[in-house]
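Here is the structure we will look at, set down as structure tokens.
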Number of protein chains: 2
Amino acid sequence: MGGTGAVRDMEEARVGTAAHEVLAVVFQVRAGRLCVLLWRRARPPFEGDWVLPGGRLGADEGLGQSMRRQLAQKVDVRDLAHLEQLETRGAPDRHPEGRTLATAYLGLVPAHNEPVIPGDTAWHAISELPPMGFDHAAIVHSGRRRLRAKLSYTNIGFALAPPEFTMSQLSGYYRAALGHDVAATNLRRVLLRRGQIEETGRSVPSGRSGGRPAAVFRFRVSHLEVTDEFAVLRPPPKRAEKIY
Amino acid sequence: MGGTGAVRDMEEARVGTAAHEVLAVVFQVRAGRLCVLLWRRARPPFEGDWVLPGGRLGADEGLGQSMRRQLAQKVDVRDLAHLEQLETRGAPDRHPEGRTLATAYLGLVPAHNEPVIPGDTAWHAISELPPMGFDHAAIVHSGRRRLRAKLSYTNIGFALAPPEFTMSQLSGYYRAALGHDVAATNLRRVLLRRGQIEETGRSVPSGRSGGRPAAVFRFRVSHLEVTDEFAVLRPPPKRAEKIY
DNA sequence: TCAAAAGTGTTTTGTTTACACCCATGC
DNA sequence: GCATGGGTGTAAACAAAACACTTTTGA
């Protein structure tokens with residue numbers, strides 16, 4: 001146990017009361033790779049290891065509210081296009097200095113944003129995570145699974161892409177997040193069909209190597225929506241008498 | 001604030017420490033309807049209202065462990081076919097007697113189990129929820145959404161159905177959980193194709209009104225599995241060079 | 001023999017992937 | 001004019017829903 005002494009010991013003995021922290025898995029696609037924002041611990045335990053940004057829940061804060069406040073110290077909150085709760089971990093031994101529950105959030109920063117971040121934080125590709133403290137590496141992987149799943153049936157791409165983009169750029173963000181190739185030509189049709197994206201009418205000039213100018217798209221809504229709810233077992237379309 | 005006085009006040013003032021409880025949304029299909037197990041509060045706040053079973057997190061318990069312990073006082077844990085974490089709520093004012101975080105779980109009891117439950121608990125159809133205390137009604141609806149979604153792309157039906165069943169029974173459980181009709185004939189083919197269910201080889205005699213005897217099926221695995229992961233945007237089947 | 005319930009065969013529909021081909025631009 | 005992407009058209013693959021028809025039983 002740490003050096004806080006009697007006060008902490010008394011608290012821990014009391015059933016049902018525990019320290020609570022919030023942690024953020026903030027992803028951004030950078031240079032074609034899915035990256036997560038990590039913070040380097042300057043003192044034990046896990047000194048020198050990397051951990052998720054976050055901290056103690058304030059006395060009168062909601063969880064999401066606390067997460068945004070803590071994150072504001074690392075990234076400008078305006079850069080965060082999406083934030084959702086991921087999971088809560090409460091293994092009694094997850095924190096060596098005493099019982100601490102942690103509620104993790106998934107946050108997304110659109111590509112090409114370059115938020116100012118403190119010197120002790122850095123973006124790390126999730127394919128090459130550095131040594132990480134506590135159970136934070138596992139939480140990063142939870143976040144990746146969540147993002148990956150939601151790319152299939154929601155419009156969550158809006159939080160990965162900048163406000164305007166070409167289809168080949170967008171397929172790059174999908175590729176980075178999903179971990180496999182995504183054909184721009186088909187992605188375009190799927191997202192258009194689902195009404196997720198629309199053309200701006202403009203196009204970007206082709207690069208020095210030539211090629212047809214690419215049309216510029218944008219997402220139609222910039223908050224999470226389920227766009228493909230019933231992959232299967234969908235309700236009968238006509239006379240759909242719901243039973244509740 | 002409640003009358004606990006100085007001790008509680010001191011705790012609440014201390015940043016990062018809060019009471020923590022676990023709550024269970026336990027569903028069972030009963031008489032063709034999706035029902036949730038509720039507990040009737042005997043004292044304020046919300047006296048007489050119905051709430052989710054649960055209670056304070058113990059000093060050295062994990063969250064899931066605590067949930068199982070608390071649930072054991074309401075339903076026999078052997079009756080619980082599935083338990084998964086749902087969400088954590090931490091609004092500062094969610095509990096009138098003082099800051100309390102709650103981590104909710106989703107639990108499923110297979111149909112036709114008849115667990116012994118205490119006199120102050122009862123099953124309520126979710127289409128006719130009684131007046132409920134705290135934010136528990138919202139948590140019930142979170143649970144229903146989760147169940148409904150997972151029926152589409154996982155084998156979670158195993159936790160709704162008894163060990164053996166006919167297809168028309170199974171379609172009844174799906175109907176109750178999804179809220180719309182599910183044709184037994186197509187459900188059979190979908191679940192067989194996905195390898196979720198298999199025939200036992202036996203059949204049940206037809207009822208007094210005649211009819212062909214129904215084949216008896218069972219789920220092949222009785223833990224959660226994703227059986228239809230990439231509804232769309234699936235990775236290329238051949239030469240699927242994953243990038244991580 | 002008829003009604004009832006289960007199960008099979010087949011068609012239709014919808015969605016996504018694959019792939020060939022056409023388009024617009026820089027050099 | 002030709003290489004280089006971008007974009008369209010179209011076919012193929014696949015899965016699920018709809019529906020007609022067959023099977024097996026009780027009365």
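Note that the coordinates shown come from a computational prediction; the quantities given were computed from them, not determined experimentally. Just so it is clear: chains get the letters A, B, ... in the order the sequence lines come, proteins before strands, and each one is counted from 1.
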Exercise. Does any pair with a residue in residues 128-139 of chain B pass salt bridge (charged side-chain N to carboxylate O under 4.0 Å, His left out), and if so which ones, sequence neighbours excluded?
Worked result: B/Arg33-B/Glu128, B/Arg94-B/Asp135

For this session: Quickly work out the A/Leu178 CG to C/dT17 C1' distance and round it to whole Å.
Result: 15 Å

Exercise. Quick one: side chain to side chain donor-acceptor pair (under 3.5 Å) partners of B/Arg69, sequence neighbours excluded?
Worked result: B/Glu61

Exercise. Rounded to the Å, how far apart are A/Asp228 CG and D/dA16 C1'?
Worked result: 13 Å

Produce the list of close N/O pairs, under 3.5 Å, pairing protein atoms with atoms of nucleotides 25-27 of chain C; give distances to one decimal.
| from | atom 1 | to | atom 2 | distance (Å) |
| --- | --- | --- | --- | --- |
| C/dT25 | O2 | A/Gly211 | N | 3.0 |
| C/dG26 | O3' | A/Arg208 | O | 3.1 |
| C/dC27 | OP1 | A/Arg208 | O | 3.4 |

Exercise. Of all residues at least two apart in sequence or in a different chain, which pass the side chain to side chain donor-acceptor pair (under 3.5 Å) check with B/Lys150?
Worked result: B/Glu84

For this session: In whole angstrom, give the distance that lies between atom CG of B/Leu187 and atom P of C/dT8.
Result: 14 Å

For this session: Tell me, please, which residues at least two apart from B/Arg193 pass side chain to side chain donor-acceptor pair (under 3.5 Å).
Result: none

Problem set entry | Rounded interatomic separation in angstrom, taking CE from B/Met167 and C1' from C/dG7 | 11 Å

Exercise. Sub-3.5 Å donor-acceptor pair from the side chain of A/Gln28 to the main-chain atoms of A/Pro110, do we have one?
Worked result: yes

For this session: For B/Glu21 and B/Gly54, indicate whether the former's side chain and the latter's backbone hold a donor-acceptor pair under 3.5 Å.
Result: no

Problem set entry | Residue pairs fulfilling ring-ring contact (aromatic ring centres under 6.0 Å, His included) with at least one residue in residues 182-209 of chain B, sequence neighbours excluded | none

Problem set entry | Atom-pair distance (CG on B/Leu192; C1' on C/dG7), nearest Å | 12 Å

Exercise. Does A/His141 have any side chain to side chain donor-acceptor pair (under 3.5 Å) partners at least two apart in sequence or in another chain, and if so, which?
Worked result: none

Exercise. Can you list, by residue number, the residues of residues 155-164 of chain B that have a non-hydrogen atom closer than 4.0 angstrom to DNA chain D?
Worked result: none

Exercise. If each of A/Ala214 and A/Asn186 is mapped to the nucleotide of DNA chain D with the nearest heavy atom, which maps nearer the 5' terminus, i.e. the 5' end?
Worked result: A/Ala214

Exercise. B/Arg188 has an atom CZ; how far is it from atom C1' of D/dT23, in whole Å?
Worked result: 12 Å

For this session: Would you list the pairs meeting salt bridge (charged side-chain N to carboxylate O under 4.0 Å, His left out) in which at least one residue belongs to residues 101-120 of chain B, sequence neighbours left out?
Result: B/Arg30-B/Glu114

Problem set entry | Phosphate OP1/OP2 of D/dA15: any B/Arg193 side-chain N/O under 4.0 Å | yes

Exercise. What nucleic acid atoms does B/Arg189 come within less than 4.0 Å of, heavy atoms only: base, sugar-phosphate, or nothing?
Worked result: base

For this session: Using a 4.0 Å heavy-atom cut-off across all strands, classify A/Ser203 as base, sugar-phosphate, or nothing.
Result: nothing

Exercise. Please give, in whole Å, the distance from D/dG6 P to A/Arg202 CZ?
Worked result: 18 Å

For this session: Provide, to the nearest angstrom, the distance between the CD1 atom belonging to B/Ile197 and the C1' atom belonging to C/dA6.
Result: 14 Å

For this session: Report which part of the nucleic acid A/Ala215 touches: base, sugar-phosphate, or nothing (heavy-atom distance under 4.0 Å, all strands).
Result: sugar-phosphate

Exercise. Hey, does B/Ser168 reach any base, or is it just sugar-phosphate, or nothing, if we go heavy atoms under 4.0 Å?
Worked result: sugar-phosphate

